[in-house]
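Notes follow once the structure below has been shown.
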Amino acid sequence: MAPPAFKKLSGTAVSSKTQCNQALVASIKPSPKIKQQPTLSSVDGPRILYWFRTDLRVHDSPALDHALSLNPSVFIPIWTWDPHYVYRARVGPNRWKFLLESQQALSDRLTELNPKQKLHLIREAPQTVIKKLVKKWAIDVLVFEKDTDAYARERDENVTKQIEELSRELGREIKVVSLMGRTLFDPDELVKRNGNRPTMSMAQVVKASQQIDPGDGGRKGEPKKCVPLPESLPNPLDKVEMDLSSDKDFQHEVPEDSPDVNKGQRGLGKDKDKHYVSVAGPNNDFAIVTLEEMGIDPKDAMSPHKGGEKEALRLLKKYIDDEEYIGTFEKPKSSPAEFEPQSTTLLSPHHHFGTLSVRKFWWDIQEVFAKRKKAGKQNAGEPENMPGQLLFRDMYFGAQAALGYAYAQTQGNKVARFIDWHLQSNYSKTPVGEHLLDGTYNVDNEEAEERFRRWKEGRTGFPWIDALMRQLKYEGWMHHLGRHSVACFLTRGGCYVSWERGAEVFEEWLVDHETACNVGNWMWLSCTAFFSQFYRCYSPIAFGKKWDPEGHFIRKYVPELRNYDKKYIYEPSKAPIADQKRWGCQITGDGTDRGTEEMAKYPKPMLDFNEMRQFCIDKVKAAYDVGLYGDDEKVMSGEWKKIFGHKEGRTNKDEANGEATKEMKRGRTPDGYKEDIDASGGIGDDEDEQPRKQRKAYMKAAKNEKGKQAKIDVMVTRRRPNR
Ligand code: FAD
């Protein structure tokens with residue numbers, strides 16, 4: 001691509017190609033009182049600082065394309081080693097590995113485009129370092145991809161403000177440009193077209209997107225077309241100019257390492273924090289951080305899933321070349337028990353880190369669809385098909401963009417139904433009075449805490465659940481329906497533990513963790529938001545059996561059961577003792593004692609599933625009847641405890657028979673339980689195991705509510721309109 005002619009920055013003029021994006025360009029004008037200083041680079045083109053974050057690619061990057069279209073005289077690609085992710089967000093070894101591989105791959109790609117180029121790792125918080133870099137390197141334009149994640153938005157606003165101040169201070173124009181490229185549609189646009197409300201259903205996403213003009217000659221409702229691949233890159237500054245270590249005015253600020261929620265992962269304790277030793281790394285060469293520098297033992301990062309743009313494009317090609325797979329893909333029909341290869345694409349971590357453009361994925365699929373249509377072949381329909389999956393992703397981004405931090409927690413969250421789960425989060429009050437998670441939770445019930453711990457460690461005594469959780473821990477990924485199973489089991493279909501606990505474990509272990517999607521799906525699965533058919537549960541036995549009657553998946557991830565006959569593989573505690581011994585694994589204990597090599601031990605089921613399912617259904621129904629949401633004063637103030645008769649330390653059984661439940665059961669019919677469809681996966685309940693009669697009764701009550709059945713997939717709550 002020949003970049004369009006650069007027009008000298010004058011506050012409004014940007015390259016003609018990107019004028020449609022002008023609204024996103026923060027033009028920072030110098031204060032009229034300050035005499036303008038000449039810009040060092042304005043003769044040849046601007047000096048550009050390109051800040052990579054979750055866009056670790058060079059293909060189809062609108063922000064990168066824009067930066068290059070400005071004909072930069074200097075182009076410095078950086079990544080800031082943000083302590084927020086290092087210390088405050090939960091990130092396990094597998095995701096670190098994926099990130100580092102992706103950074104290295106990007107750096108190599110930049111070098112391919114210009115041997116003088118690479119990704120420059122800056123080991124300091126963006127909030128303290130970007131302004132200093134802009135000043136030191138006399139940058140004219142800071143460019144990055146727009147990010148609507150709550151933390152990212154706050155961070156970017158902070159940095160933009162600082163650049164604004166710097167611009168006034170220096171008396172020269174410095175621009176900040178951010179362009180969307182993470183999703184099919186700009187989440188803020190979706191929210192705007194959805195009446196400034198969070199997007200809570202697929203129908204809303206589709207309707208909102210149909211009002212958005214892509215601005216590139218494409219049709220409304222379609223994402224923007226991909227931008228061309230860069231063919232070359234301008235140089236960075238020379239080595240001497242780039243050097244930060246010799247500049248006495250450039251103070252390296254080592255970030256605060258406490259609290260460190262990832263402390264437990266720094267097994268190589270003594271090496272901890274080497275990553276922040278100096279701003280450009282130990283050799284002053286802006287090198288990519290290593291796991292060892294972070295105190296993480298590489299042996300703890302066992303995931304076979306590799307990061308990097310090259311790998312993402314290889315995977316994409318593999319799927320796109322398989323036209324039958326792409327054309328007929330329907331998520332609810334993909335098996336959660338398949339591995340090596342898995343039944344879905346496993347492109348999610350690449351979408352998270354931006355090593356694959358979601359728009360490229362979308363448009364490549366459309367090409368396959370068009371080809372098949374021409375050949376008279378039928379393609380699967382939305383939302384179960386592949387583009388439908390990407391629309392679900394956009395739905396969650398839209399919900400998060402509208403709600404900010406509140407989206408990822410119960411308190412203050414206007415779309416989250418309040419359910420009196422065990423192990424609820426603790427909150428701290430910020431100076432502005434918001435309730436924000438403080439990273440801890442309230443152990444109100446020891447039994448629930450024990451179940452949560454066993455769920456996390458994959459020793460529940462339900463082999464299907466344990467296999468999935470071990471797959472997650474060791475490999476950092478789990479099929480969508482597997483995620484359904486374990487999330488339902490932890491919350492409304494087994495343990496009655498808060499969805500927030502589960503979301504935290506996923507945050508730590510998933511290689512594809514994406515706050516918008518993770519939180520949204522956890523709310524969905526726990527019937528807190530998006531979905532409300534709480535009377536339909538996944539059986540931890542029958543659901544897996546349906547997909548994998550032989551138990552191959554269990555044998556792979558729970559190897560102590562590998563010799564079990566298929567008759568008992570899902571319920572090993574039912575196997576006769578003699579057989580247990582013969583197959584080399586006794587079913588006993590709580591799973592902490594793994595036994596010996598000759599005779600392994602695997603636990604008995606930690607709960608009676610049928611009993612707990614009933615308990616959960618009754619409790620969730622009662623909470624629906626009470627009808628509180630996360631932003632209700634009674635939730636924020638803790639008054640809910642009185643309403644629900646919640647007492648600390650009670651066992652589940654006490655509660656089931658207690659005052660609270662009786663109180664809540666009084667009088668109301670289940671209204672507003674909608675017939676929404678989970679087209680991202682499936683309902684997943686098993687007819688044989690489900691108490692059919694009761695389910696029918698709930699459904700009948702739901703249908704009869706004011707004589708109308710709720711419209712499919714319309715999730716916006718009826719009780720509290722305009723949320
Ligand atoms: P495919 O089926 O091949 O789908 C293609 C792409 O569509 C995915 O790569 C992903 O980007 C997107 N996608 C598919 N399903 C969903 C969905 N339900 N929600 C959002 N995007 C979707 N996905 C994440 O990307 N990050 C998360 O942190 C995350 N946490 C989840 C937590 C729970 C409890 C559940 C039930 C689901 C979660 N998902 C999350 C959604 C989904 O499970 C994964 O996106 C999917 O399994 C990734 O595998 P894949 O790439 O093979 O998906």
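Sequence positions, counted from 1, serve as the residue numbers for this chain. Quick note: numbers below take in every heavy atom, side chains included, and nothing from hydrogens, waters or symmetry partners. Ligands are counted one by one from 1 in listed order, and the atoms in each one are counted from 1 as well.
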Looking at Arg57 and Glu145, is any side-chain nitrogen of the basic one under 4.0 Å from a carboxylate oxygen of the acidic one?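 So Glu145 pairs with Arg57 through a salt bridge.
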
Ion pair check, Asp60 and Lys224, cut-off under 4.0 Å: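 Salt bridge between Asp60 and Lys224, a charged N being under 4.0 Å from a carboxylate O: no.
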
Only heavy atoms count here, so choose which of [options] is nearest to [atom].
atom: atom 6 (C) of ligand 1; options: Thr515, Thr491, Leu390, Val486; answer: Leu390
atom: atom 48 (C) of ligand 1; options: Ser526, Ser348, Gly388; answer: Ser348
atom: atom 30 (N) of ligand 1; options: Asn518, Thr344, Asn521; answer: Asn518
atom: atom 16 (C) of ligand 1; options: Gln389, Arg483, Met523; answer: Gln389

How many angstroms lie between atom CH2 of Trp81 and atom CE of Met294, to the nearest 0.5 angstrom? 4.5 Å

Measure the CD-CD distance between Gln103 and Glu101 for me, rounded to the nearest 0.5 Å.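 If we round to the nearest 0.5 Å, Gln103:CD and Glu101:CD are 11.0 Å apart.
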
Surrounding NZ of Lys556 (heavy atoms of other residues, nucleotides or ligands, distance under 6.0 Å), is the total greater than 12?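 Atom NZ in Lys556 is crowded, with more than 12 foreign heavy atoms closer than 6.0 Å.
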
For ligand 1, indicate whether the residue [X] contacts it via side chain, backbone, both or neither (heavy-atom separation under 4.0 Å).
X: His351; value: side chain
X: Trp524; value: neither
X: Phe329; value: side chain
X: Val358; value: neither
X: Leu510; value: side chain
X: Lys331; value: side chain

I'd like to know whether the aromatic ring centres of Trp524 and Phe531 sit less than 6.0 Å apart in this structure. yes

Verify whether the ring centers belonging to His484 and Tyr538 lie closer than 6.0 Å. yes

List ligand 1 atoms under 4.0 Å from [X], heavy atoms only on the residue side.
X: Leu346; answer: 50 (P), 51 (O), 52 (O)
X: Trp477; answer: 48 (C), 49 (O), 52 (O)
X: Glu514; answer: 26 (N), 27 (C), 28 (O)
X: Leu525; answer: 36 (C)

Apply the test side chain to side chain contact (heavy atoms under 4.5 Å, CB included) to residues Phe397 and Phe185: give CA-CA distance (whole Å), side-chain angles for both, the deciding distance (0.1 Å), then the verdict. CA-CA 9 Å; Phe397 270 82; Phe185 302 97; over 6 Å; no

Determine, using heavy atoms of His352 and all atoms of ligand 1, whether some pair is separated by less than 4.0 Å. no

Does the side chain to side chain contact (heavy atoms under 4.5 Å, CB included) test come out yes or no for Asn262 and Val86, once each step is laid out? CA-CA 8 Å; Asn262 299 312; Val86 174; over 6 Å; no

With salt bridge (charged side-chain N to carboxylate O under 4.0 Å, His left out) as the test, pick out the partner of Lys146 among Asp156, Asp186, Asp55. Asp186

